[in-house]
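Here the structure is laid out as structure tokens; the discussion comes afterwards.
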Amino acid sequence: MTSTLTYPLEIEPQVGDGSAVPIAPGVLWLRMPLFAALPWINVWAIEDGEGWSIVDTGINSAKTMDAWNIAFSGAMQGAPVSRVVATHMHPDHCGLAGWMAERFRVRLWMTRLEYLTCRLMAADTGQAAPADGTEFYREKFGFFGKLIYPLPASYRRLEDGDRLRLGAYQWEVVVGNGHSPEHACLHCPELKLLISGDQVLPRISSNVSVYPLEPDANPLADWLHSLAKLKARIPNDVLVLPAHNSPFRGLHARIDELADSHQRGLARLTDLLTEPKRAVDAFGALFSRPISDGLLGMATGEAIAHLNYLAANGRAIRTRDAAGVWWWQNSAG
């Protein structure tokens, strides 16, 4: 498939050096360091009165803190942070939200399910895995919380349809689901910008997984519904500011690509299930590359999401054997 997306920005910020690229009046684009497989995350600073609203923060690490300290005194000209906004609960997005809120004595803005789920998952740090989690697919818990500076004990709730006045412009909150419980995108009609977080990415597809906390969940249905919602509510002429890759135009085309990709995967998976299969047996139908040990958890969660989607729609049947292993089979087979 030939993509119709365009990438209009010729200059991109360097990773982790505090540099920033102006996107629109009062909007700066920065990049914070992550991991080898996904080396950086895009974060955003928006002029807000005499300070800056920060949208997403990067993970809790010394390198990320150093990069922000350079940005505070350099690109942000020494002005304080006036609020911290986290699109969702994943550590690369809210890992330093608590650090910034504590340092500048400001409020964290986040949707309720993202805030509460983050607090719950971070509390697993250092604890042994519960039996349900080990049985599901994981050998140990706790890595999540190590990447997150403790969140504030209180927060300001964001809801779908809220309008935030950040400096001279209004931004509307558009909530999506599937990748995370209650992901907040921010749309500024006047500037024709959409901060999409992980809800829409231009070159990769966000992970949509089932987790041990809710093993019977159907997040793929939530994800596909959220894509349709974004397409209906957000004009196609916005410049999309994603968490990963580069800002792009062509929102509606990308939404169609993502939805079509999942539907093709579901069709391949349906064909595979003529005989009973486990979640790990579905990898070849869903992923174009071999799954290494480091990706096994995410791949298993995403495979179960697709299998649960087929089961919820009557296209597959799930059974459990005497050893406690789940098997799925095409309901027509």
Side-chain angles (χ1 to χ4, degrees), residues 16 18 20 23 26-34 40-119 121-122 144-145 147-159 162-167 169-175 180-188 193 195-199 241 243:
I23 293 291
V27 180
L28 298 180
W29 170 22
L30 303 93
R31 277 180 171 161
M32 296 295 157
L34 289 179
W40 43 261
I41 179 174
N42 297 321
V43 298
W44 317 96
I46 303 174
E47 283 188 10
D48 190 7
E50 297 183 356
W52 297 87
S53 282
I54 304 300
V55 182
D56 289 341
T57 67
I59 60 172
N60 178 25
S61 74
K63 286 184 178 180
T64 313
M65 288 181 184
D66 289 344
W68 275 116
N69 284 328
I70 296 170
F72 291 151
S73 60
M76 297 164 61
Q77 301 178 349
V81 170
S82 56
R83 82 180 92 193
V84 182
V85 180
T87 59
H88 62 295
M89 54 166 277
H90 293 153
D92 52 333
H93 295 261
C94 70
L96 283 182
W99 174 73
M100 283 192 195
E102 179 182 287
R103 173 172 175 170
F104 292 97
R105 298 183 180 181
V106 297
R107 188 74 78 191
L108 167 63
W109 295 60
M110 206 169 181
T111 63
R112 176 182 286 171
L113 283 179
E114 299 293 337
Y115 175 80
L116 294 178
T117 307
C118 188
R119 291 284 300 268
M121 291 186 66
F144 182 96
L147 299 178
I148 296 180
Y149 191 94
L151 291 183
S154 63
Y155 76 110
R156 175 68 179 265
R157 183 184 179 188
L158 292 175
E159 296 185 82
D162 281 353
R163 286 176 170 80
L164 306 183
R165 172 64 66 171
L166 304 181
Y169 302 97
Q170 270 200 349
W171 297 72
E172 181 183 3
V173 177
V174 183
V175 167
S180 64
E182 198 179 6
H183 183 298
C185 300
L186 297 177
H187 173 222
C188 182
L193 296 178
I195 297 177
S196 65
D198 280 345
Q199 202 69 28
L241 309 182

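The basis for the numbers below is simple: all heavy atoms, side chains too, and nothing from hydrogens, waters or symmetry mates.
For the pair Leu96/Val84, no side-chain contact is recorded, criterion being any heavy-atom separation below 4.5 Å from C-beta on. Side-chain contact between Cys94 and Ile148 is present, with at least one heavy-atom pair separated by less than 4.5 Å. Using a 4.5 Å heavy-atom threshold, the side chains of Met100 and Phe72 count as touching. For the pair Trp99/Thr57, no side-chain contact is recorded, criterion being any heavy-atom separation below 4.5 Å from C-beta on. Between Leu193 and Tyr169, the closest side-chain pair of non-hydrogen atoms is not below 4.5 Å. With contacts defined as side-chain heavy-atom distances shorter than 4.5 Å, the pair Val43/His93 does not qualify. The closest side-chain heavy-atom distance from Trp44 to Trp29 is below 4.5 Å. Residues Val55 and Leu241 are not in side-chain contact: their nearest non-hydrogen atoms beyond the backbone lie 4.5 Å or more apart.
For Trp40, the side-chain contact (heavy atoms from CB on, under 4.5 Å) partners are Val15, Arg31, Asn42, not counting sequence neighbours. Annotation: side-chain contact (heavy atoms from CB on, under 4.5 Å) contacts of Asp48 (sequence neighbours excluded): Ser53, Ser82, Arg83, Leu166. Scored by the side-chain contact (heavy atoms from CB on, under 4.5 Å) test, Arg165 finds Gln170 as partners (sequence neighbours excluded). For Glu102, the salt bridge (charged side-chain N to carboxylate O under 4.0 Å, His left out) criterion is met by no residue, not counting sequence neighbours. Not counting sequence neighbours, the partners of Ala71 by the side-chain contact (heavy atoms from CB on, under 4.5 Å) test are Leu30, Trp68, Met76.
Closest approach of Trp109 and Leu158 over heavy atoms only: CE3-CD2, 3.6 Å. Scanning all heavy atoms of the two residues, the minimum distance from Met65 to Tyr149 falls at CE-CD1, 4.2 Å. Scanning both residues, Glu50 and Ala79, for their nearest heavy atoms gives O-CB, 3.6 Å. Nearest heavy atom pair, residue Pro33 against residue Gly16, reads CD-CA, 3.9 Å. Taking every heavy atom of both residues into account, Leu147 and Pro91 meet most closely at CB-CB, 3.5 Å.
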Between side-chain atoms of residues 181-188 and protein atoms elsewhere (two or more places apart, or another chain), which donor-acceptor pairs fall under 3.5 Å?
unit_1, atom_1, unit_2, atom_2, d
Glu182, OE1, Leu113, N, 2.9
His183, NE2, His88, ND1, 3.4
His183, NE2, Asp198, N, 3.0

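To the nearest 0.5 angstrom, Leu116 atom CG is 11.0 Å from Met89 atom CE. Atom CG of Leu34 sits about 5.5 Å away from atom CG of Asp92, to the nearest 0.5 Å. Rounded to the nearest 0.5 Å, atoms OG1 (Thr64) and CG (Asn69) are 11.0 Å apart. To the nearest 0.5 Å, atoms CG (Leu151) and CD (Glu114) are separated by 11.0 Å.
More than 12 heavy-atom neighbours from other residues, nucleotides or ligands sit within 6.0 angstrom of CZ on Arg157. For Arg156, the CZ atom is loosely surrounded, since the number of other residues' heavy atoms within 6.0 Å does not exceed 12.
Between the side chain of Ser73 and the backbone N or O of Ile70, at least one donor-acceptor pair lies under 3.5 Å.
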Verdict with supporting geometry, Glu47 and Trp52, side-chain contact (heavy atoms from CB on, under 4.5 Å): CA-CA 5 Å; Glu47 283 188 10; Trp52 297 87; 3.5 Å; yes
Verdict with reasoning, Asp56 to Ile195, per side-chain contact (heavy atoms from CB on, under 4.5 Å): CA-CA 10 Å; Asp56 289 341; Ile195 297 177; 5.6 Å; no
